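Everything on this sheet refers to the single structure shown next.
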Amino acid sequence: MTAKIKPAQGSPYARILGVGGYRPTRVVPNEEILKHIDSSDEWIRSRSGIATRHWAGPEETVAEMTLEAAGKAVANAGISPDQVGAVIVSTVSHFKQTPAVATEIVDRMGAGKAAAFDINAGCAGFGYGLTLAKGLVVEGSADHVLVVGAERLSDLTDLTDRSTAFLFGDGAGAVVVGPSDEPAIGPSIWGSEGDKRDVISQTIPWGDYRVGDVSQLPLDEDGSVRFPALRQEGQTVFRWAVFEMAKVAQQALDAAGIAADELDVFIPHQANMRIIDSMVKTLKLPEHVTVARDVETTGNTSAASIPLAMERLLATGRAKSGDTALLIGFGAGLVYAATVVTLP
Ligand SMILES: CC(C)(COP(=O)(O)OP(=O)(O)OC[C@H]1O[C@@H](n2cnc3c(N)ncnc32)[C@H](O)[C@@H]1OP(=O)(O)O)[C@@H](O)C(=O)NCCC(=O)NCCS
């Protein structure tokens, strides 16, 4: 006879209890980008909507930025660090692959023996982490889960590539997900289109550095070994985002049973202002919906972009606790994740 396994006792629902963000102190205007590429402030602003971005200094590592954002999110949630039962860090720019940076965060923030792991889901990383966190809380594996998106994309930026040099920024955004008596995180519409995995990718796989003959290593003009960068087929990604992601966002609204005019806030991935404007139009979002346009001063911070934008909307009073918000992230993979949430 198969023995009966006792199920974990979870919460009926989960919600975002608190949010926190960290933006590096150094602000980089378009003028600085123009030292390396043939372009103009006007072109960058009109094609991407980006005016400035934050780039991390040597001390602002993925771990340090994560800790800052995590500390604020935990305080904002009104819990103590030892109540965190799991930490999920989504990042593509933490260059020490093992151990997971999440383990350092658990130790340094004082989260006891919380479960800790990193995920790689590009610019959908926050949505993927949120989906996992909700599952853990409802299933009963953790009372409170910290989800962080943290990136130093300036390290993966080829300053001489004029199709990407102006796009990326650094930062960390975090939320605490915990128990709720009412639904406050809707169904996730998430997925991948792996046949498009080459349209955004790292230029040089780490394995290429493992050569017997060092003269085989890719070199920069000054003779130093070239570090990988992110490259993308900009127009392909742009068209995919504009045509396909609006459909995914609509599916998330439908799955949550929320009509566009019931929405208070729209927080799409901050990649390009024209993509944001196009989605607002396709989704027919009414005037009263507050739209996150953080990309103007933050650039594309991949997994950090949605929680950073959420934190800023709440901190500036443009959104308020209890508002209903549609979130959608999309990027390298290609991967995507959309859901409707109640703001903390
Ligand atoms: C990168 C991006 C801003 C470029 O904008 P775009 O309108 O697609 O630009 P294109 O690549 O079609 O280039 C248009 C023209 O501008 C030129 N151009 C490209 N980069 C330029 C630059 N930095 N400055 C000036 N001109 C530039 C091109 O050479 C091209 O010239 P041509 O028409 O004479 O051939 C845009 O494609 C984008 O945002 N894509 C999606 C990004 C994204 O979301 N990525 C990640 C998801 S996580």
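None of the values given here were measured: they were computed from a predicted structure. We count ligands from 1, going down the list as the structure has it; atoms in each ligand are counted the same way. Residue numbers count from 1 along this sequence.
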Tell me which part of Trp43 gets within contact of ligand 1: side chain, backbone, both or neither, using heavy atoms under 4.0 Å.
-> side chain
Yes or no on side chain to side chain contact (heavy atoms under 4.5 Å, CB included) for Val89 and Leu146, after CA distance, side-chain angles and deciding distance?
-> CA-CA 8 Å; Val89 179; Leu146 178 73; over 6 Å; no
Should the pair Glu296-Arg293 be classified as a salt bridge under the 4.0 Å nitrogen-to-oxygen rule?
-> no
Distance-only side-chain donor-acceptor flag, Ser141 / Glu139, under 3.5 Å = yes
Kindly indicate whether atom 38 (C) of ligand 1 is approached by any protein heavy atom to under 4.0 angstrom.
-> yes
Roughly how far apart are Ser188 OG and Leu132 CG, rounded to 0.5 Å?
-> 9.0 Å
Polar contact flag for Ser40 and ligand 1 (N/O pairs, less than 3.5 Å) | no
Close-contact set for ligand 1 against Gly234 heavy atoms, below 4.0 Å | 37 (O), 40 (N), 41 (C)
Are Arg23 and Asp294 close enough for a salt bridge, meaning some N to O gap below 4.0 Å?
-> yes
Please state which protein non-hydrogen atom is closest to atom 29 (O) of ligand 1 and give its distance, to 0.1 Å?
-> Arg162 NH2, 3.0 Å
Under 4.0 Å between heavy atoms, the region of Ile275 that gets near ligand 1 turns out to be side chain
Which of the numbered atoms in ligand 1 are below 4.0 angstrom from a heavy atom of Gly331?
-> 48 (S)
Indicate yes or no: does an N/O atom of Ser39 lie under 3.5 Å from an N/O atom of ligand 1?
-> yes
Indicate, as side chain, backbone, both or neither, the part of Phe330 found under 4.0 angstrom from ligand 1 when only non-hydrogen atoms are considered.
-> backbone
Out of curiosity, is Ser163 lining ligand 1, as in a heavy atom under 4.0 Å away?
-> yes
What part of Asn300, side chain from CB on, backbone N/CA/C/O, both or neither, has a heavy atom under 4.0 Å from ligand 1?
-> side chain
Run the salt-bridge test on Asp277 and Arg274 with the 4.0 Å N-O cut-off and return the result as yes or no.
-> no
Taking N or O atoms only and a 3.5 Å limit, does His269 qualify as a polar contact for ligand 1?
-> no
Distance-only, no hydrogens or angles: does the Glu64 side chain make a donor-acceptor pair with backbone N or O of Thr61 under 3.5 Å?
-> no
Could you label the plane-to-plane angle of the Trp190 and Tyr128 rings as parallel, tilted or perpendicular, counting under 30° as parallel and over 60° as perpendicular?
-> perpendicular
Got the closest protein heavy atom to atom 7 (O) of ligand 1, with its distance?
-> Arg47 NH2, 2.7 Å
Residue, atom and distance of the protein heavy atom nearest atom 6 (P) of ligand 1 read Arg274 NH2, 3.8 Å
Which is it for Asp170 and Leu153 under the side chain to side chain contact (heavy atoms under 4.5 Å, CB included) test, yes or no, and what are the steps along the way?
-> CA-CA 6 Å; Asp170 304 336; Leu153 295 184; 4.2 Å; yes
Criterion side-chain hydrogen bond (donor to acceptor under 3.5 Å, both in side chains) on Thr301 and Glu151, from CA distance to verdict | CA-CA 6 Å; Thr301 57; Glu151 303 288 5; over 6 Å; no
Distance from atom 46 (C) of ligand 1 to nearest protein heavy atom, with residue and atom | Gln232 OE1, 3.4 Å
In the protein, which heavy atom is nearest to atom 44 (O) of ligand 1, and how far is it?
-> Ala271 CB, 3.3 Å
Ligand 1 atoms nearer than 4.0 angstrom to some heavy atom of Asn272 are 3 (C), 36 (C), 38 (C), 39 (O)
Quick one: does atom 34 (O) of ligand 1 have a protein heavy atom under 4.0 Å from it?
-> no
Polar side chain donor-acceptor pair, Ser305 to His269, under 3.5 angstrom = yes
For atom 8 (O) of ligand 1, what's the nearest protein heavy atom and its distance?
-> Gln235 CG, 3.4 Å
Measure from the ring center of Phe95 to the ring center of Phe227 and say whether it is less than 6.0 Å.
-> yes
Trp43 and Phe166 aromatic centres sub-6.0 Å = yes
Cys123 heavy atoms, cut-off 4.0 Å: which ligand 1 atoms fall inside?
-> 48 (S)
Would you say atom 17 (C) of ligand 1 has a protein heavy atom nearer than 4.0 Å?
-> yes
Sub-4.0 Å protein heavy atom next to atom 48 (S) of ligand 1 = yes
